[in-house]
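Remarks on the structure that follows.
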Amino acid sequence: MTSSRTPEIPSDPAVNTFQVDLRGLVDLLSHHLYSSPRVYVRELLQNAVDASTARLAQDAAAPVRIRISVTAAGAVTIEDSGIGLTTDEVHTLLATIGRSSKRDGLESARQEFLGQFGIGLLACFVVARQIRVVSRSARTPELPPVEWLATDDGSYTVRTLPDEARPEPGTTVYLEARPGAEEWTTPRRVEELARDFGSLLPYEVTFTGPDGATRPVTDRPAVWDRPYPTPVARRVALAGHCTQVFGFTPLDTVDLDLPVAGVRGVAYVLPSAISPAHQAGHRVYLKGMLLTDRADNLLPDWAFFVRVVLDTDTLRPTASRESLYDDDTLAAVRDALGGRIREWLTQLAAGDPDRLAAFLTVHHLGVKSLARYDRDLLELMLPWLPFETSDGRVTLDEFVRAHPQVHYTRTVEEFRQVAPIAAAHGLGVINGGYTYDAELVAMLPQIRDGVSVAELDAGAVTAHLDPVAPQQELALSSFLATARTTLDPLGCDVALRAFQPVTVPALFLDDRQARHERDRAAAEADADALWTDILGALRGSAPRARLVLNHNNPLVRRIAAIPDTELAGTAVESLYGQALLMAQRPLRPIDASLLNRSFLGLLEWATHPIATSQEEQS
């Protein structure tokens, strides 16, 4: 008989700890967390700065000194006069992965520290075979200094040293490069990385090379915070900084002084147009330490025409400290920065129209993108935003004063076909085929009283063309009947009008509804019985495409006078094909077949009298 008794669970299970393979973890860091071994210099600087911050929190009069040095053999040393470590802290903080003094202690001052993840010194194993740390605690300066010596196999030793090994509180870190990583510990590379990461750090940092010469690493205050004798001198300095950082001379600069958001910096306006889809690379410092030079989530998408350099103490880094954590704080800062760029545009419109015009010549697309969601900005920009219209390239403000009834096309091809004719007959048409233009034109009635907007259709264009005298149209009724019969299978009506320019014999017009009906009819023709019934049920009463024949054109009048019905039909097919090509419409198989048939038919007609004459002579 099977017992139903529940097995007893031990009341005091054994507690085990995770075992960590240091080499495997270093490989994980170097290939998946950090983008490059270069970050080891940042982590060394970060620890030194945080140690100095902790020392000042204990003693505001304490000295602050951070020195980096590199020997000709590539041995890297960084020394600070910070808070230092005791023997217990060495075991707890340096040998326990994930443990951070900034997270576990001094919580009230946590926001003052750069590092919070407890993996900074571990990152040095990406380039180092061995790490030696000599430290003396400022909290217990009477105790001797302590040495922590670790290798990349995961082993370490701790021992106390004589007082002379470290007379003053602080920490010195020595790195011995691993084979294959020597390029990252050369004097030139270390100095370059130290300047890149640490130029805006709040404490003085120096670099000493093999030649013994000491040079400053920090360069504060930031270029945007320095005093200048004149605004022109400031613009020149900022332009030079932009060239150094981004490699271009800015069209303009926008100050990003947002104390509430904890942000100070500058936005540089690109001097040439760029695709909105191009990934931005903004340069972000966190409390003076370079976080990333490839931040792509710092600004709203519409602000693709600027590149930003800023220092912040509010944004949160990811664990790798190479990008920004996309949280509510970043969203608020993003909105604030976008608002500042918008204010700059407003100020240009109000006080510096020449600079605004120069900006819009290059970056009108970005402003149009923003104006779609900002009615006030659209109204502000109306006198400046250029659009392609039947009156030429003018602003919307100018255009609506001349044309309260506005029509727009959905495609560039449609606009270019009707623009000359619309201009000659007083019809106001805007090219809505470019990015954002149709959306902005549709917003005009919201900000301009008395303005109406409609998508251009065949009926609107035809209505603005001059009608032909009734007696003349009656005289051509037989020809028009032939033309309509010829084009009816193609889903196209025929109209006769007189319009300019005279050189245009025929105009092909359709709209979205007409194109939809043509596509439906084509699908119905190719479908089986079931789909034919379904598509037939979807047949609408929308207007069909229209071929408008120009009675002012001599060729059209000669074709209309052809007594041969078959030849007149072939000529109409040719006019239809030519109008389709001029409109740059995609040709359906039935259209391509018509073009081929009409071309060959006209060739046969043109050569028939010659061939007949030659046969009679022979």
Practice problem: Just do the salt bridge (Lys or Arg N to Asp or Glu O under 4.0 Å) check on R307 and D293 with the steps written out, would you? | Solution: CA-CA 10 Å; R307 293 293 176 266; D293 56 6; over 6 Å; no
Under-4.0 Å salt bridge between [X] and [Y]:
| X | Y | answer |
| --- | --- | --- |
| E388 | R393 | no |
| R42 | D196 | no |
| R375 | E379 | no |
| D219 | R226 | yes |
| E191 | R215 | yes |
| E192 | R38 | no |
| K287 | D311 | no |

Find out whether [X] and [Y] are in side-chain contact, i.e. whether some heavy atom of one side chain is under 4.5 Å from a heavy atom of the other.
| X | Y | value |
| --- | --- | --- |
| V64 | R55 | no |
| T160 | T87 | yes |
| T214 | F207 | no |
| L382 | I447 | yes |

Quiz prompt | Residue pairs involving residues 169-200 (criterion ring pair (Phe, Tyr, Trp, His ring centres under 6.0 Å); sequence neighbours excluded) | solution = none
Quiz item: Does any pair with a residue in residues 330-385 pass ring pair (Phe, Tyr, Trp, His ring centres under 6.0 Å), and if so which ones, sequence neighbours excluded?
Solution: F305-F359, F305-H363, W344-F359, F359-H363
Identify the two heavy atoms, one from [X] and one from [Y], that lie closest to each other, and give their separation to 0.1 Å.
| X | Y | value |
| --- | --- | --- |
| V362 | L270 | CG1-O, 4.5 Å |
| T171 | S135 | OG1-OG, 2.9 Å |
| S52 | Y203 | CB-CE1, 3.7 Å |
| A48 | D80 | CA-OD2, 3.7 Å |
| V308 | A267 | CG2-CB, 3.7 Å |
| L324 | N297 | O-ND2, 3.6 Å |

Practice problem: Tell me, with the steps shown, if D437 and K368 meet salt bridge (Lys or Arg N to Asp or Glu O under 4.0 Å). | Solution: CA-CA 8 Å; D437 283 9; K368 287 180 178 180; 2.9 Å; yes
Kindly write out the residues that satisfy salt bridge (charged side-chain N to carboxylate O under 4.0 Å, His left out) with [X], not counting sequence neighbours, or none if the list is empty.
| X | answer |
| --- | --- |
| D296 | none |
| D257 | R264 |
| D301 | none |
| R235 | none |

Can you list everything that forms a side chain to side chain donor-acceptor pair (under 3.5 Å) with [X]? Sequence neighbours excluded, please.
| X | result |
| --- | --- |
| S369 | R372 |
| D352 | R355 |
| R340 | none |

I'd like to check the side-chain contact (heavy atoms from CB on, under 4.5 Å) partners of [X]; sequence neighbours left out, ordered by chain and number.
| X | value |
| --- | --- |
| A438 | Y408, R410 |
| T140 | T86, S137, E142, L143 |
| T230 | V232, A233 |

Quiz item: V70 pairs by side-chain contact (heavy atoms from CB on, under 4.5 Å) with which of L175, T77, T186, V190?
Solution: V190
Exercise. May I have the step-by-step check of side chain to side chain contact (heavy atoms under 4.5 Å, CB included) for T329 and L315, ending in yes or no?
Key: CA-CA 7 Å; T329 302; L315 299 181; 4.0 Å; yes
Quiz item: When you look at V309 and Y285, which way does the side chain to side chain contact (heavy atoms under 4.5 Å, CB included) test go after all the steps?
Solution: CA-CA 8 Å; V309 182; Y285 293 84; 4.0 Å; yes
What's the spacing between [X] [atom1] and [Y] [atom2] if we round to 0.5 Å?
| X | Y | atom1 | atom2 | answer |
| --- | --- | --- | --- | --- |
| T53 | Q58 | OG1 | CD | 13.0 Å |
| T249 | L238 | OG1 | CG | 12.5 Å |
| Y436 | L365 | OH | CG | 5.5 Å |
| Y268 | R283 | OH | CZ | 11.0 Å |
| L256 | I341 | CG | CD1 | 6.0 Å |
| R316 | D328 | CZ | CG | 10.5 Å |

Exercise. Using the salt bridge (Lys or Arg N to Asp or Glu O under 4.0 Å) rule, take R132 and E147 through it: C-alpha gap first, then chi angles, then the decisive distance, then the call.
Key: CA-CA 7 Å; R132 179 172 178 253; E147 177 195 70; 2.5 Å; yes
Quiz item: Yes or no on side chain to side chain contact (heavy atoms under 4.5 Å, CB included) for E168 and R136, after CA distance, side-chain angles and deciding distance?
Solution: CA-CA 7 Å; E168 300 295 329; R136 187 165 198 156; over 6 Å; no
Self-check item: Donor on one side chain, acceptor on other, S69 and T208, under 3.5 Å
Solution: no
Quiz prompt | Residue pair T185 / Y40, side-chain donor-acceptor N/O under 3.5 Å | solution = no
Practice problem: Carefully, step by step, assess V217 and L45 under the rule side chain to side chain contact (heavy atoms under 4.5 Å, CB included). | Solution: CA-CA 11 Å; V217 168; L45 286 170; 5.7 Å; no
Exercise. Step by step, work out the side chain to side chain donor-acceptor pair (under 3.5 Å) result for R129 and T151.
Key: CA-CA 6 Å; R129 184 190 69 81; T151 58; over 6 Å; no
